[in-house]
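Here's the structure we're looking at; comments come further down.
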Amino acid sequence: MLKTTLAGLRAHKLRLLLTSLAITLGVGFIAGTFVLTDTIETGFSRKFSAAADKIDVVVLPGETSDEPAVPADLLEKIREVEGVADVQGVVRGSAPLIGKDGKAVGDYPTAAVSILKGRLNRTEITSGTAPEKPAEAVLDANTAKTRGFAVGDTVTVLDSEGAKHEFTLVGLFDVGLDQELAYYGAVGFTAETAAKMTGQKGFREIDVAAAEGVPAETLRGSVSAAVGSGVEVKTGKRYAEDLAKANGADTKVLTLGLLLFGFVAMFVAALVIYNTFNILVAQRTREMALLRCIGATRKQVFGSVVLESAVVGLVSSVLGLLTGLGLGAGALAVISRTGLEVPTEGVALAPRTVAVGMVLGIVVTVVAALLPARAATRVAPIAALRSQVEENTFRAGVLRLVFAGLFLAAGAGVTAFAVSTGPGESELFMAMAGGAVTFLGVLILGPVMVKPLSAVAGWVPRRLFGVPGRLAVDNSRRNPKRSATTTVALTVGVALMTLISVLTSTMRATYGAKLDEQFPVDYMVQVQGDEGSFPRALAEDLRTRPELASVVALRRTDAKAGAKGNEFEVGTFTPAAGFSPKATTGSFGDLKPGTVAVGDEAAKALGVKVGDALPVTTTKDGEVRLTVVALFSEADALIPEVTVPHGDFDRYFGALDDGAIFANVKDGVAEENARKAVEAAAQPYPTAMVISSTELRGEFDEALDMMLMIITGLLGLAVLISLLGIANTLSLSVHERTRESALLRALGLTRPQLRRMLSVEALVLGVIGALVGVALGVVFGWAATSTMTTGVIFQLPAGQVLAFVALSGLAGVLAAVLPARRAARASIVDSLAAG
Amino acid sequence: MTITGEVGAWNARGNSAPAVVARGLTKVYGQGDAAVHALRGVDITFATGAFTAIMGPSGSGKSTLMHCLAGLDTVTGGQVHIGDVELTGLGDKQLTLLRRERIGFIFQAFNLLPTLTAEQNIRLPLEISGRQADQVLFDRVVETVGLRDRLAHKPTELSGGQQQRVAVARALISKPQVIFADEPTGNLDSRSGAEVLSFLRTSVRELGQTIVMVTHDPVAAAYADRVVFLRDGLLVNELVQPTPQSVLDTLMKLEA
């Protein structure tokens with residue numbers, strides 16, 4: 001029996017390969033995910049441990065301390081500890097670098113770090129030297145390149161008070177794997193200068209080097225005793241391990257996210273395998289019957305099919321692992337091209353990856369083949385003698401309808417409940433769970449739906465392609481179970497793609513509308529990184545500009561509020577025409593002296609509603625009791641969570657500087673003139689960033705497009721696998737209908753007509769799958785958006801949805817190319833003689 | 001069982017010229033030592049409006065001859081004419097169009113498309129060639145083969161005899177120049193077989209249809225006007241107005 005199976009497999013290498021491809025891709029994706037994240041993780045831990053070699057003991061801010069810094073006075077205490085060879089504090093803060101245009105570079109202030117000396121230095125100077133004197137600085141290589149600075153240049157950096165300081169650029173350094181520095185850009189100084197520039201009183205960490213012959217653990221003990229409580233003391237080795245672990249948690253999120261797509265792909269692959277084996281068993285009815293005739297037991301027949309699937313699973317898993325290795329390396333190469341710092345060395349298949357890939361590949365294949373194998377055992381020996389292949393007559397069983405009904409009702413019910421309950425994280429999950437259950441219902445109902453759906457999908461081809469078209473549409477629903485499984489595989493990918501595209505376009509529309517409604521301003525001027533303030537003179541200057549219609553200044557500070565005395569952002573806005581925040585309850589019209597408007601989240605935390613009194617601790621006026629007159633949505637409005645009238649604010653907290661300014665352009669003023677005016681006003685303040693609402697929207701759109709592209713790309717794999725399924729089903733069907741095709745050819749169907757017939761069949765299958773997918777995607781995309789936030793403006797991306805349907809049909813046609821060619825090339829005489 | 005009406009038009013297609021003519025027909029499969037000479041130079045003419053049976057022992061080349069005559073297979077040498085068209089040298093597309101317009105087929109088994117009803121199967125050749133079915137003719141053909149109440153059935157719901165009758169009706173409906181029948185009764189019981197054969201004979205007698213039938217059954221061959229015998233790829237004998245006995249005797253002589 002074993003020999004028979006293996007001989008059969010050898011005889012059908014191509015079929016084996018095509019079937020394997022589905023699993024290969026799925027396993028490849030999962031293995032690739034592991035390869036990618038493993039490489040990143042090992043790379044990081046290697047770098048970390050290399051850094052740890054330089055440090056013996058490190059003192060870090062205690063976890064509970066409010067101020068995340070190591071007190072500066074500890075440095076001298078540690079220096080006196082016995083066995084300490086060297087000790088230096090690491091200063092880190094922010095110090096905005098001024099670009100050549102006179103404005104602070106980037107959206108966030110540049111990070112400032114102290115460059116350590118001697119053995120403890122972990123920074124790699126790539127050109128020039130490390131800063132030795134107070135007037136010297138180094139810049140990270142990437143920032144230097146993008147901002148056009150070179151060694152020898154003079155750079156201007158702002159200190160924490162906003163005063164300008166000039167430095168000579170003496171070198172460039174590599175930020176290595178420090179994501180924080182890589183993101184913000186970094187300027188390095190000597191320890192003293194760094195402390196002066198950032199205004200930091202303490203250290204980010206204190207690094208200690210042990211004297212010759214002093215074990216790190218011993219030193220850790222004595223340092224720990226010297227510094228007392230409130231800080232954490234670790235050996236360098238332990239520190240590296242902790243860093244690697246924290247980083248591992250980050251990569252874990254990436255791993256899980258990617259694996260999710262991998263599992264979708266595997267699910268689709270399982271559907272393809274199930275279908276393929278089902279068809280293979282049906283086609284080999286006579287072969288199975290013959291085996292039974294000559295004495296094979298049911299168990300042996302079952303075993304032979306399962307064995308075949310195991311071999312397919314084994315082969316495809318091995319190929320999948322190799323594919324994964326390539327995918328992982330390729331992904332790393334692509335990521336490092338985008339400028340992100342990732343390790344690219346030591347790409348390898350970990351034993352865990354091999355185990356997971358092999359087990360998953362084989363188990364999924366074998367499990368998917370179990371039902372077909374059981375069907376094989378039902379073949380009666382007498383079937384060997386029948387010549388005509390029986391047509392599969394499908395009737396919708398009561399059990400199928402009942403189960404499908406139950407699943408659909410449950411799915412719809414859960415989703416409807418979630419939608420009606422309103423936005424929230426658990427509701428979103430509920431809606432998505434409802435979607436999954438509904439999908440199962442659709443899966444069960446599939447064969448019943450094929451007939452009506454093929455009528456819909458085939459309406460145009462039937463009329464357009466004449467006899468081949470009509471025959472194709474008939475063929476597409478000839479075996480409803482087979483068609484349903486084939487198309488459902490495609491449905492999975494298309495449904496998810498549609499869902500994502502509905503989500504993004506709805507978010508785009510909703511965000512756009514909210515921007516128009518709540519952010520009715522054309523320009524916003526804010527401090528780089530949105531931390532700090534600029535003089536009121538800037539707003540005054542803007543008010544004098546003829547290009548602008550209205551200017552609103554925002555002022556804010558942190559103050560204790562409520563019965564518990566927690567800190568909230570308390571602020572105000574200067575009134576101007578056309579700027580009116582929207583209240584969810586109460587009215588901003590009532591915002592008069594002695595009153596306050598509170599954001600929804602803050603109101604929840606404070607436990608206040610309109611009409612209640614809210615105690616606020618002020619700096620100039622002691623504790624004041626304010627009456628809440630309005631609540632507003634924090635997500636939508638741009639004002640501080642606790643907003644008081646601007647006259648009151650000055651009285652409570654003094655004449656604070658402006659934190660942000662909103663400006664509206666006068667009607668009829670050209671966009672670029674307005675922009676010039678705002679920028680001219682902001683020019684004297686290096687950290688004042690000008691943001692236009694169109695830019696803001698553009699950035700948001702870009703981010704959405706990027707997300708849509710990445711997710712669609714990842715889902716593309718599932719779609720690709722389902723297309724393999726269509727190709728597989730078609731080529732097996734073509735094989736099954738060899739004599740039928742020959743008959744049609746004898747009756748006068750030309751080769752192109754025969755090819756067209758198969759292409760149309762694939763087109764109809766593709767469109768059926770896409771229609772169901774699009775319907776599911778739209779409905780659950782709507783459910784998802786309406787459980788995400790309030791005030792959703794549902795947007796159906798009709799163009800994209802139509803494109804999905806069209807592309808699915810087209811892809812189906814593409815999948816039919818090879819099977820159709822083979823069918824058309826077959827000799828009529830040989831085919832008529834065939835089995 | 002008489003068919004009147006359009007019979008005149010049917011017959012008018014030229015009684016004088018032969019329907020199918022083959023000259024020096026050879027067919028070789030394979031090459032070199034492995035070459036099999038299926039036809040070694042066959043000269044044969046099939047008269048219009050005649051029912052001819054081709055007989056011969058297994059491997060005599062009778063099926064190959066039919067495939068070559070019908071343009072289903074290419075020939076190695078010689079010529080085949082269907083009416084005034086020479087088949088040899090035609091490309092696949094032209095051969096397909098020729099089959100579509102001028103030839104009807106009845107095979108031993110698997111004659112019908114399982115997805116189509118009996119009526120759709122009958123009309124299939126016309127639809128493929130984009131012609132309208134002549135409703136009068138359709139009704140008569142259906143009446144003749146006795147399928148009126150079976151038209152809406154799928155092939156799986158029909159008996160073997162009924163399926164072959166549908167195949168006969170399908171071959172007749174497009175009024176082809178010649179119908180090639182390959183063992184049309186091979187899968188049928190004797191009663192159904194006799195029915196199908198008498199339909200074929202009736203269509204020759206009353207419609208002037210030309211039929212070429214390959215068979216190994218002397219009883220079936222006896223329905224024909226003329227029987228030609230093949231052995232080892234050569235035409236060796238022929239009988240006019242055969243009876244089952246005379247066919248059997250000739251066969252016995254051939255096998256001896």
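Since this is a predicted model, take the numbers as computed values, not measurements. By convention in this document, chain letters (A, B, ...) are assigned in the order of the sequence lines, proteins followed by strands, and residues within each chain are numbered from 1.
Chain B is approached within less than 4.5 Å, heavy atom to heavy atom, by A:Val467, A:Arg470, A:Leu471, A:Asp474, A:Asn475 from residues 453-475 of chain A, ordered by number.
When the ring-ring contact (aromatic ring centres under 6.0 Å, His included) test is applied to B:Phe105, the partners found at least two apart in sequence or on another chain are B:Phe107. B:Arg150 is linked by a salt bridge (Lys or Arg N to Asp or Glu O under 4.0 Å) to nothing, counting only residues two or more places apart in sequence or in another chain.
Residues A:Ser741 and A:Val734 form no side-chain contact, since every pair of their non-hydrogen atoms from C-beta on lies 4.5 Å or further apart.
Chain A forms more heavy-atom pairs under 4.5 Å with one residue of B:Leu95, B:Leu113, B:Leu97 than with any other, namely B:Leu113.
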Using residues 742-755 of chain A as the side-chain source, report each donor-acceptor pair under 3.5 Å to any protein atom, sequence neighbours left out, with the distance given to one decimal.
{"unit_1": "A:Arg745", "atom_1": "NH1", "unit_2": "A:Leu749", "atom_2": "O", "d": "3.0"}
{"unit_1": "A:Arg745", "atom_1": "NH1", "unit_2": "B:Thr96", "atom_2": "OG1", "d": "3.2"}
{"unit_1": "A:Arg745", "atom_1": "NH2", "unit_2": "B:Asp92", "atom_2": "OD1", "d": "2.7"}
{"unit_1": "A:Arg745", "atom_1": "NH2", "unit_2": "B:Asp92", "atom_2": "OD2", "d": "3.2"}
{"unit_1": "A:Thr750", "atom_1": "OG1", "unit_2": "A:Gln753", "atom_2": "N", "d": "3.3"}
{"unit_1": "A:Thr750", "atom_1": "OG1", "unit_2": "A:Gln753", "atom_2": "OE1", "d": "3.3"}
{"unit_1": "A:Arg751", "atom_1": "NE", "unit_2": "A:Ala824", "atom_2": "O", "d": "2.9"}
{"unit_1": "A:Gln753", "atom_1": "OE1", "unit_2": "A:Thr750", "atom_2": "N", "d": "3.0"}
{"unit_1": "A:Gln753", "atom_1": "OE1", "unit_2": "B:Arg100", "atom_2": "NH2", "d": "2.7"}

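Residue B:Ile103 does not touch chain A at all, counting heavy-atom pairs closer than 4.5 Å. In this structure, chain A has no heavy atom under 4.5 Å from any part of B:Leu98.
A:Arg478 and A:Ser733 form no side-chain donor-acceptor contact under 3.5 Å, judged by distance and modelled atom types alone.
Here the closest heavy-atom approach between residue B:Ala118 and residue B:Leu158 is recorded as CB-CD1, 4.3 Å.
Ionic pairing of B:Asp134 and B:Arg140 is not present here: no N-O contact between side-chain nitrogen and carboxylate oxygen is shorter than 4.0 angstrom.
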